[in-house]
Amino acid sequence: MSVFAILDPAVGLAHDVVAALAQVVPTALAIVLFTVCVRLALHPLARAASRGEKARARLAPRIAELNRKHKGRPEKLQASLAELYREEKASPFAGCLPMLVQIPFFSVMYRLFTTPNDLLGHTLFGAPLGLHVGSAHGAGEWAVFAVLYAGLAALGYVNFRRARRAQAKQAAQSVQAQTPAQGAQAQPALALLPYLSFGTVLFAALVPLAAAVYLLTTSTWTAAERAWLYRDGAPEPAVPALA
């Protein structure tokens, strides 16, 4: 039995909701509407995450000072950091919460659109929603995939640029908070992080058309949400938005 089988009750519920919407609008649009509704429900978590990121940016100089003050004393450093976060009512893990909450939803959508069901028999501009790009035939089907991939690539580029800018703003603070040896070890890995923004395009090539529609919708929401939440110029996370 697949490990994803434990998601079957949630998958069944998601199927029923999308199928109900598909009675009113085209199935592809039903997928978009369902995704938007779920992301809207998750928006309060994203707002909390942005507040956490802004708080960490504000506290970065004090964190760097604590790193210098308690160098070589990890227990004292951890205690001081915990006290600082407690006083400021901030959390070093707030930014992870929305991503963790989205994982079950993404898994449900993945199973819904990769397991044979009646929804995948519907079409988007003539291309079946259950179709993989490797099985596409004719200019019409290829054009549908090309438009979706182009949209995902454009969003990937936007996220790449934003991740690079955020990384540049945080570089000085990161160097201050680390020893020279730690900084030298971290730089290669950090330099590669922005390129993960294009990972969604690669993943979309492995899933059916319906899942690609979901990926484009949720990626568009993420890009717009970040632009809104960080419109005041506050530092963004250097980790790119993948979904």
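One-based numbering along the sequence shown. Keep in mind that this is a model prediction, so the values were computed, not measured.
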N/O donor to acceptor pairs below 3.5 angstrom from side-chain atoms of residues 139-158, sequence neighbours left out:
| from | atom 1 | to | atom 2 | distance (Å) |
| --- | --- | --- | --- | --- |
| Glu141 | OE1 | His137 | N | 2.6 |
| Tyr149 | OH | Ala204 | O | 3.4 |
| Tyr157 | OH | Arg161 | NH1 | 3.0 |

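- Applying the side-chain contact (heavy atoms from CB on, under 4.5 Å) test to Ala211 and every residue at least two apart in sequence or in another chain returns Phe113, Val207, Pro208.
- Residues Leu124 and Val213 form a side-chain contact, since some pair of their non-hydrogen atoms from C-beta on lies under 4.5 Å apart.
- Rounding to the nearest 0.5 angstrom, the gap separating the CG atom in Leu209 from the CG atom in Leu215 is 11.0 Å.
- In this structure, the side chains of Ile63 and Leu84 come closer than 4.5 Å at one or more pairs of heavy atoms.
- Legend: residues meeting side-chain contact (heavy atoms from CB on, under 4.5 Å) with Val25, ordered by chain and number and at least two apart, are Leu29, Ala30, Leu33.
- Leu202 meets the side-chain contact (heavy atoms from CB on, under 4.5 Å) test with no other residue; sequence neighbours excluded.
- Of the possible polar contacts, one joining the Arg162 side chain to the Arg226 backbone as a donor-acceptor pair under 3.5 Å is found.
- Residues that satisfy the side chain to side chain donor-acceptor pair (under 3.5 Å) test with Arg47, not counting sequence neighbours, are absent from this structure.
- Ring geometry, Tyr214 versus Phe105: the interplanar angle exceeds 60°, so the pair is classed perpendicular (tilted spans 30 to 60°).
- Taken from CG in Leu206 to NE2 in His132, the straight-line distance is 8.0 Å, to the nearest 0.5 Å.
- Across every non-hydrogen atom of Ser219 and Thr200, the tightest pair is OG-CG2, 3.8 Å.
- A 4.5 Å side-chain heavy-atom check between Thr35 and Met109 finds at least one atom pair inside the cut-off.
- For Phe203, the ring pair (Phe, Tyr, Trp, His ring centres under 6.0 Å) partners are Phe106, not counting sequence neighbours.
- Distance alone, capped at 3.5 Å, places no donor-acceptor pair between the Ser135 side chain and the Leu131 backbone.
- Expressed to the nearest 0.5 Å, how far CG of Leu129 lies from CG of Leu119 amounts to 8.0 Å.
- Listed by chain and residue number, nothing satisfies the ring pair (Phe, Tyr, Trp, His ring centres under 6.0 Å) test with Tyr85 (two or more places apart in sequence, or in another chain).
- Under the 3.5 Å distance criterion, with hydrogens and angles disregarded, a donor-acceptor pair is assigned to the side chains of Thr222 and Arg39.
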Verify salt bridge (Lys or Arg N to Asp or Glu O under 4.0 Å) between Arg62 and Glu65, making sure each step is shown before the conclusion.
-> CA-CA 5 Å; Arg62 297 173 64 182; Glu65 178 60 31; over 6 Å; no

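- Within the structure, side-chain hydrogen bond (donor to acceptor under 3.5 Å, both in side chains) contacts touching residues 117-130 (residues at least two apart or in different chains) are His15-Asp118, Thr27-His122.
- Residue pairs that meet the side-chain hydrogen bond (donor to acceptor under 3.5 Å, both in side chains) test with at least one member in residues 73-82, sequence neighbours left out, are His70-Arg73, His70-Ser80.
- Considering all non-hydrogen atoms of both residues, Asn159 and Ala223 come closest at OD1-CB, 4.1 Å.
- Residues Val108 and Ala10 come closest through the heavy atom pair CG2-CB, 3.8 Å.
- Looking at heavy atoms from C-beta onward, Trp228 lies out of side-chain contact with Glu225 at the 4.5 angstrom threshold.
- Between Arg86 atom CZ and Glu83 atom CD the span is 4.5 Å, to the nearest 0.5 Å.
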